[in-house]
Asks: 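One structure coming up, written as structure tokens, with questions to follow.
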Amino acid sequence: EYMTKEAYEAAGQSFVGAASVTASTELTDFILGGVDYVAAYINNATITGLEAGTEYVCRVSDGNGSWSEAVEFATHTDDETTSFVVMGDAQLHGNDDADASAIASLHALAAKNTEVDFGIQTGDFVDGGTNFVQWEQILRQFGSAFKGIDFVHTMGNHEAYTSNGTPATVITTRLYGLTEEQTKFYSVEYGDVYVAVINQAATTNLSEAAQWLVEDAAKSDCTWKVMVTHQPVYYTNPNGSSQGHHQALAPACDEAGIDFVFSGHDHAYARTEQIADRSALKLELDEELGCYVDADGNVAATQGQGTVYFI
């Protein structure tokens with residue numbers, strides 16, 4: 001059930017008069033430590049027809065009369081400044097005590113970014129994509145830390161690792177609320193920001209992903225265009241198997257007019273200069289404008305002037 005926050009407050013913080021949608025449910029088998037198995041339902045619901053720039057409240061039922069706590073979320077408007085947070089490689093192992101440091105970092109990041117419009121998760125959410133205990137842990141910790149903030153999720157290599165049973169890519173696709181067609185790649189728009197995601201499942205044919213990126217980005221009128229892929233296009237780990245991403249996706253980012261690329265995988269932080277055609281742009285500080293410009297006087301951080309790659 002969902003309704004505007006204004007209506008929720010007017011109804012005495014109740015869901016009287018709320019609209020409802022029916023969720024899809026898929027029974028999925030997981031590994032439960034060692035060789036044991038457990039089955040769980042993965043549920044997804046899609047709400048359409050929301051108004052821009054509006055606060056909402058929602059809750060979820062198990063179908064037997066029990067309800068979750070009320071959760072707030074808000075929609076964005078195109079004329080607002082859009083802000084987002086990026087994180088990746090949480091790679092929790094299923095034990096809160098052993099993962100205490102990583103969990104603390106996760107909550108600290110959330111505490112510093114309470115006003116963002118959305119978030120980006122660059123992959124390797126868990127250590128093993130078929131492990132029920134790890135998924136239960138990260139979804140519980142993540143939901144508690146980033147309550148009410150929508151995230152764009154990327155499938156990393158660890159979400160694709162399969163021991164036995166249901167393939168990890170199938171489990172991850174369901175948990176991230178993606179369709180089967182979005183297992184390899186998909187895109188969303190928030191305000192004036194276009195975000196393209198190339199998942200780990202696309203690594204078997206990165207030329208296909210590159211072609212999709214160019215064609216899909218051309219359909220967007222957003223000023224800012226972002227791409228996310230778990231394995232970095234420009235990388236710090238020469239043994240990380242990311243050369244294929246560089247060869248296929250660097251020229252595609254140029255052609256698609258991508259402004260920023262966010263990745264993980266290397267377990268390091270790095271950023272490039274603004275790059276076009278695999279070369280750093282030659283920029284100079286314009287004292288009058290107070291920013292960097294290229295040789296033609298174009299402000300550096302403008303659409304289509306080059307791409308900055310972050311790890």
Side-chain angles (χ1 to χ4, degrees), residues 26 44 46 86 88-89 118 120-126 129-130 151-162 166-190 193-222 224-266 272 275-279 303-304 306-311:
E26 296 174 289
N44 285 287
T46 301
V86 181
D89 291 278
F118 71 98
I120 291 174
Q121 190 270 124
T122 63
D124 281 6
F125 214 27
V126 293
T130 58
F151 261 77
V152 179
H153 287 282
T154 312
M155 188 187 303
N157 54 299
H158 280 266
E159 283 106 327
Y161 287 160
T162 300
T166 302
T169 53
V170 174
I171 292 174
T172 305
T173 297
R174 292 175 181 176
L175 285 170
Y176 288 169
L178 304 177
T179 65
E180 186 176 345
E181 292 73 24
Q182 295 172 323
T183 300
K184 291 183 178 180
F185 32 70
Y186 69 100
S187 67
V188 296
E189 293 181 354
Y190 285 87
V193 181
Y194 162 88
V195 182
V197 176
I198 296 180
N199 285 318
Q200 191 70 17
T203 56
T204 55
N205 190 349
L206 284 171
S207 60
E208 177 191 22
Q211 181 179 352
W212 168 84
L213 176 65
V214 172
E215 294 174 355
D216 191 70
K219 301 173 185 176
S220 174
D221 294 326
C222 289
W224 299 104
K225 294 185 177 180
V226 173
M227 187 192 81
V228 188
T229 181
H230 177 65
Q231 292 187 235
V233 178
Y234 286 87
Y235 48 89
T236 60
N237 181 6
N239 299 315
S241 305
S242 299
Q243 181 62 24
H245 286 68
H246 176 73
Q247 292 174 342
L249 299 181
C253 286
D254 286 342
E255 189 173 351
I258 300 299
D259 299 293
F260 303 99
V261 174
F262 296 100
S263 302
H265 192 60
D266 285 2
T272 68
I275 293 175
D277 194 23
R278 290 193 168 97
S279 298
Q303 186 182 34
T307 308
V308 179
Y309 297 82
F310 291 85
I311 301 172

Asks: Tell me the closest heavy-atom pair linking A160 and Q200, and the distance in Å.
Replies: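 Residues A160 and Q200, closest heavy atoms: CB-CG, 4.3 Å.
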Asks: Nearest heavy-atom pair of F185 and N199: which atoms, and what distance?
Replies: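 Closest heavy-atom pair between F185 and N199: N-ND2, 4.4 Å.
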Asks: Testing the basics here: between K184 and A201, what is the closest heavy-atom pair and its distance to 0.1 Å?
Replies: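 Closest approach of K184 to A201: CG-O, 4.0 Å.
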Asks: Do the non-hydrogen side-chain atoms of I275 and Y309 ever get within less than 4.5 Å of each other?
Replies: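 Heavy-atom side-chain distance check passes, below 4.5 Å.
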Asks: Under a 3.5 Å distance rule, please check whether D89 uses its side chain to pair with a backbone N or O of D124 as donor and acceptor.
Replies: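 Absent.
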Asks: Shortest non-hydrogen contact from A256 to V214?
Replies: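 Between these two residues, the closest heavy atoms are CB-CA, 4.0 Å.
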Asks: Have E159 and Y176 got a donor and an acceptor in their side chains that come within less than 3.5 Å?
Replies: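 Indeed, the side chains of E159 and Y176 share at least one donor-acceptor pair under 3.5 Å.
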Asks: Which pair of heavy atoms, one from G264 and one from P232, lies closest together, and at what distance?
Replies: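 Smallest interatomic distance, heavy atoms only, reads O-CD, 3.6 Å.
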Asks: More than 12 non-hydrogen atoms from neighbouring residues, nucleotides or ligands closer than 6.0 Å to CD on E208, yes or no?
Replies: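 More than 12 heavy atoms, drawn from other residues, nucleotides or ligands, come within 6.0 Å of this atom.
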Asks: So Y186 and V152, do their side chains get closer than 4.5 Å, heavy atoms only?
Replies: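 SC-SC contact between V152 and Y186 confirmed.
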Asks: Any side-chain heavy atom of T307 sitting closer than 4.5 Å to one from M227?
Replies: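 They are not in contact (no side-chain heavy atoms under 4.5 Å apart), so the answer is no.
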Asks: How about F125 and H153: are their ring centres within less than 6.0 Å of each other?
Replies: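 F125 vs H153: aromatic centres under 6.0 Å.
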Asks: Does either side chain, that of Q243 or that of Y235, offer a donor lying less than 3.5 Å from an acceptor on the other one?
Replies: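 Indeed, the side chains of Q243 and Y235 share at least one donor-acceptor pair under 3.5 Å.
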Asks: Which heavy-atom pair separates A248 from L206 by the least distance, and what is that distance?
Replies: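 Shortest heavy-atom contact: CB-CB, 3.7 Å.
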Asks: Please report the interatomic distance NE2(H245) to SG(C253), rounded to the nearest 0.5 Å.
Replies: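 One gets 11.0 Å once the value is rounded to the nearest 0.5 Å.
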Asks: Parallel, tilted or perpendicular: which describes the rings of H246 and Y234, with under 30° parallel and over 60° perpendicular?
Replies: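 Because their plane-to-plane angle is over 60°, the rings of H246 and Y234 count as perpendicular.
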Asks: Between the side chains of N157 and H230, does any donor sit under 3.5 Å from an acceptor?
Replies: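 Yes, a side-chain donor-acceptor pair sits under 3.5 Å.
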Asks: With distance as the sole criterion, is a donor-acceptor pair present between the side chains of N44 and T46 under 3.5 Å?
Replies: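 On atom types as modelled, these side chains do not qualify, holding no pair under 3.5 Å.
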Asks: Is any side-chain heavy atom of I198 closer than 4.5 Å to a side-chain heavy atom of V228?
Replies: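 Result no, sub-4.5 Å side-chain heavy-atom pair not found.
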Asks: Would you say the side chain of L178 lies within less than 4.5 Å of the side chain of T183, judging by non-hydrogen atoms?
Replies: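 They are not in contact (no side-chain heavy atoms under 4.5 Å apart), so the answer is no.
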Asks: Side-chain contact test, heavy atoms from C-beta onward, threshold under 4.5 Å: evaluate it for T173 versus Q182 and give yes or no.
Replies: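 With C-beta onward as the side chain, the pair stays apart.
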Asks: Do S220 side-chain atoms and A217 backbone N/O form a donor-acceptor pair below 3.5 Å?
Replies: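 No, S220 side chain to A217 backbone: no donor-acceptor pair under 3.5 Å.
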Asks: Ignoring hydrogens and geometry, is there a side-chain-to-backbone donor-acceptor pair from S263 to T229 under 3.5 Å?
Replies: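 Side chain of S263 to backbone of T229, a donor-acceptor pair under 3.5 Å: yes, one is there.
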Asks: Distance from I120 atom CD1 to Y190 atom OH, nearest 0.5 Å?
Replies: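 Reported value, rounded in 0.5 Å steps: 9.0 Å.
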Asks: Looking only at the side chains, is there a donor atom on one of T203 and Q231 sitting less than 3.5 Å from an acceptor on the other?
Replies: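 Absent: no donor and acceptor within the cut-off.
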Asks: Which of parallel (below 30°), tilted (30 to 60°) and perpendicular (above 60°) describes H158 and Y161?
Replies: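 H158 and Y161: perpendicular rings.
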Asks: Sub-3.5 Å donor-acceptor pair from the side chain of D254 to the main-chain atoms of A276, do we have one?
Replies: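 Not a single qualifying donor-acceptor pair exists.
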Asks: Between T166 and T130, is a side chain to side chain contact (heavy atoms under 4.5 Å, CB included) present by the stated rule, with each step listed?
Replies: CA-CA 7 Å; T166 302; T130 58; over 6 Å; no
Asks: Can you check whether N237's main-chain N or O pairs, donor with acceptor, with D266's side chain at less than 3.5 Å?
Replies: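 Yes; judged by distance alone, with no hydrogens or angles, the pair exists.
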Asks: Between T154 and F262, is any pair of side-chain heavy atoms under 4.5 Å apart?
Replies: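 No, their side chains stay 4.5 Å or more apart.
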Asks: Going through the distances and angles, do I258 and L213 end up as a side chain to side chain contact (heavy atoms under 4.5 Å, CB included)?
Replies: CA-CA 9 Å; I258 300 299; L213 176 65; 4.1 Å; yes
